[in-house]
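The next block holds one structure in the form of structure tokens; read it before the comments.
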Amino acid sequence: MKKIAYFLSVMFLFTAFAPAAMAKDAKKENPELTAEEQLRLEEINNRVEEIKAMDFADMSKEERKEVKNELREMKKEAKDLGGGVYLSVGAIIIILLILILVT
């Protein structure tokens with residue numbers, strides 16, 4: 001029974017990471033940020049800190065909506081500049097299952 005469990009866990013592991021390994025993404029490397037990009041990231045961070053310090057109770061609904069949209073746009077821009085590594089939910093579940101089966 002344990003052999004079957006190990007075999008299935010290995011097969012799930014390979015099927016979870018095979019699409020990521022086969023993907024052809026030319027933007028794998030995170031190059032160094034230019035001075036302009038670093039400056040923009042600092043501006044975004046400063047603006048986010050200003051927004052965190054704001055009192056939203058005094059704002060109207062439209063103003064809060066504008067701030068929310070501004071934060072979304074800044075988050076998207078910072079994500080594009082910064083890059084990062086992300087795991088899918090399926091990969092996390094499979095990793096947890098394998099850890100549970102092994103222990």
Side-chain angles (χ1 to χ4, degrees):
M1 183 66 182
K2 284 189 176 184
K3 288 182 182 180
I4 294 173
Y6 287 130
F7 177 73
L8 288 176
S9 64
V10 170
M11 291 306 294
F12 283 126
L13 179 70
F14 284 138
T15 57
F17 293 111
M22 295 300 213
K24 293 182 180 178
D25 191 12
K27 197 177 177 185
K28 288 274 185 182
E29 298 177 12
N30 289 335
E32 290 291 324
L33 296 177
T34 64
E36 294 174 358
E37 291 173 338
Q38 289 177 350
L39 183 62
R40 181 63 184 145
L41 275 178
E42 280 184 35
E43 290 174 359
I44 290 173
N45 287 334
N46 291 337
R47 180 64 181 144
V48 169
E49 291 301 322
E50 290 175 9
I51 291 173
K52 283 182 181 179
M54 286 182 183
D55 185 20
F56 291 101
D58 297 335
M59 295 178 143
S60 68
K61 187 174 183 178
E62 291 80 21
E63 290 173 334
R64 282 182 276 174
K65 193 173 184 178
E66 289 175 11
V67 171
K68 187 177 178 181
N69 289 335
E70 181 183 0
L71 279 173
R72 283 184 186 162
E73 291 173 9
M74 286 189 300
K75 181 179 179 182
K76 188 184 296 184
E77 185 178 349
K79 191 182 211 183
D80 291 340
L81 287 175
V85 176
Y86 300 100
L87 289 175
S88 68
V89 175
I92 293 173
I93 291 172
I94 291 173
I95 291 170
L96 290 175
L97 287 173
I98 290 172
L99 289 174
I100 291 171
L101 289 173
V102 170
T103 57

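The analysis underlying the following values was restricted to heavy atoms, covering all of them including side chains, and did not include hydrogens, waters or symmetry mates.
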Query - Asn45 vs Glu42 side-chain heavy atoms within contact, under 4.5 Å - result: no
Quick one: pull up [atom1] in [X] and [atom2] in [Y] and give me the separation to the nearest 0.5 Å.
{"X": "Asn46", "Y": "Leu41", "atom1": "CG", "atom2": "CG", "value": "11.0 Å"}
{"X": "Lys65", "Y": "Met59", "atom1": "NZ", "atom2": "CE", "value": "15.0 Å"}
{"X": "Ile44", "Y": "Leu71", "atom1": "CD1", "atom2": "CG", "value": "10.5 Å"}
{"X": "Glu63", "Y": "Lys61", "atom1": "CD", "atom2": "NZ", "value": "13.5 Å"}

Which of Ile98, Ile92, Leu99 passes side-chain contact (heavy atoms from CB on, under 4.5 Å) with Ile95? It is Leu99
- [ ] List the steps, then state whether salt bridge (Lys or Arg N to Asp or Glu O under 4.0 Å) holds for Glu43 with Arg40.
- [x] CA-CA 5 Å; Glu43 290 174 359; Arg40 181 63 184 145; 3.3 Å; yes
Scanning both residues in full, the closest heavy-atom pair of Ala5 with Leu101 reads O-CD1, 4.2 Å
[X] atom [atom1], over 12 foreign heavy atoms within 6.0 Å:
{"X": "Ile4", "atom1": "CD1", "value": "no"}
{"X": "Glu50", "atom1": "CD", "value": "yes"}
{"X": "Phe7", "atom1": "CZ", "value": "no"}

Point to revise | Criterion side chain to side chain contact (heavy atoms under 4.5 Å, CB included) on Arg64 and Val67, from CA distance to verdict | key: CA-CA 5 Å; Arg64 282 182 276 174; Val67 171; 5.7 Å; no
| Met54-Met74 co-clustered via ILVMFWY side chain contacts under 4.5 Å | yes
Are Leu8 and Ile100 grouped together when hydrophobic residues (ILVMFWY) are joined by side-chain heavy atoms under 4.5 angstrom apart?
no
Does this structure show an ion pair linking Lys76 with Glu73, if we count only N-O contacts that are shorter than 4.0 Å? no
